[in-house]
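First listed ligand is number 1; within each ligand, the first listed atom is number 1.
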Amino acid sequence: MSSLTKFALGMMGQVRPKPVQSDAATSIVLPPTDKHGGPPLMEVLAKRHSSREFARDALPLPLLSGLLWAAYGENRSEGGRTAPSALNAQEIDVFVALPSGAYRYDAAAHELCLVAASDLRRVTGYQDFVDEAPLDLVYVADHTRMSRVPVGQRTSYASVAAGAIAQNVYLFSAGNDLATVIRAWIDRDAIANALGLTHDQEVLLSQTVGYPK
Ligand SMILES: Cc1cc2nc3c(=O)[nH]c(=O)nc-3n(C[C@H](O)[C@H](O)[C@H](O)COP(=O)(O)O)c2cc1C
């Protein structure tokens with residue numbers, strides 16, 4: 001669907017998820033992540049960039065596992081994460097839109113939990129490539145976890161945390177020859193409806209990942 005069509009439909013609240021053909025798995029257990037090797041950090045930083053052309057090919061599960069662990073996985077036994085959060089509120093949830101359904105990443109279990117049995121990639125942004133790239137991430141702040149953060153700072157602090165996660169995804173992508181782009185041009189209400197979010201959950205940003213075209 002073109003950006004223009006989507007924008008027009010979005011104005012009418014008409015961008016709808018695509019039903020999936022088969023039964024979506026209620027959870028997807030991710031294989032253990034390989035935390036060794038990879039190119040040196042300075043080489044990865046030298047390659048980091050945004051891309052807006054994606055092949056349709058699915059990411060294999062081990063790559064998806066590494067990507068999500070790098071994004072916001074647990075990296076310490078006491079539950080520390082790969083990205084910081086103010087007062088360690090860990091308020092960001094990473095939602096994962098796949099052709100087979102939409103999932104929430106459970107970092108402690110390192111698995112994906114089904115939240116919507118439909119293909120809602122096209123709902124995750126106005127740009128046309130989001131419909132066909134194999135993976136769109138959505139970063140959502142859960143305000144119920146930020147009770148110790150001053151009310152006026154919650155959205156900005158959560159956005160900083162989401163930005164750190166996004167950069168982790170950029171670096172993992174650069175290190176694994178994947179294409180990615182962070183996106184703020186999104187219909188937050190449409191995404192919230194499609195994911196079944198509560199009023200305490202705030203959609204911040206989306207990010208597309210896939211193989212370069
Ligand atoms: C907060 C934020 C929002 C962005 N939103 C979009 C977006 O909606 N669509 C898009 O194509 N790129 C988006 N970008 C990516 C920027 O356009 C991109 O980072 C910039 O052009 C610099 O290019 P580079 O990332 O390759 O260095 C966004 C970047 C940031 C930091």
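Rounding to the nearest 0.5 Å places CG of Leu30 at 11.5 Å from CG of Leu63. To the nearest 0.5 angstrom, Asp128 atom CG is 4.5 Å from Ser3 atom OG. Taking NE2 of His143 as the reference point, atom CZ of Arg154 lies at 8.0 Å (rounded to 0.5 Å).
Ligand 1 has an N or O atom lying under 3.5 Å from an N or O atom of Ala184, backbone or side chain. An N or O contact shorter than 3.5 Å is missing between His49 and ligand 1 by distance. Any N or O atom pair closer than 3.5 Å counts here, and Ile182 shares at least one such pair with ligand 1. The N/O atoms of Arg52, backbone and side chain alike, include one that comes under 3.5 Å of an N/O atom in ligand 1.
With respect to atom 1 (C) of ligand 1, the closest heavy atom belonging to the protein is Leu205 CD2, 4.4 Å. Considering only non-hydrogen protein atoms, atom 9 (N) of ligand 1 sits nearest to Gln127 OE1, 2.9 Å.
Considering Leu64, Leu61, Leu114 as possible partners of Ile28, the one that fulfils the side-chain contact (heavy atoms from CB on, under 4.5 Å) test is Leu61. For the pairing with Gln90, the side-chain contact (heavy atoms from CB on, under 4.5 Å) check across Ile92, Asp93, Asn88 returns one residue only, Asn88.
Taking both residues in full, the closest heavy atoms of Arg121 and Asp136 are given as CB-OD2, 3.3 Å, listed atom of the first, atom of the second, then distance.
Taking a cut-off of under 4.0 Å to the non-hydrogen atoms of Val181, the atoms of ligand 1 that pass are 10 (C), 11 (O), 12 (N). Which parts of ligand 1 touch Trp185 is read off a 4.0 Å heavy-atom cut-off, strictly below it: atoms 8 (O). Atoms of ligand 1 lying under 4.0 Å from any heavy atom of Arg48, numbered from 1 in the order shown and given with element: 24 (P), 25 (O), 27 (O).
Under the 4.0 Å distance rule, the nearest protein heavy atom to atom 22 (C) of ligand 1 falls outside the cut-off.
Cation-pi geometry between Arg48 and Tyr170 is satisfied (NZ or CZ under 6.0 Å from the ring centre, within 45° of the ring normal).
By the 4.5 Å heavy-atom criterion applied to side chains, Leu87 and Tyr157 are not counted as neighbours.
By heavy-atom distance, the residue among Ser50, Gly125, Ala166 lying nearest atom 18 (C) of ligand 1 is Ser50.
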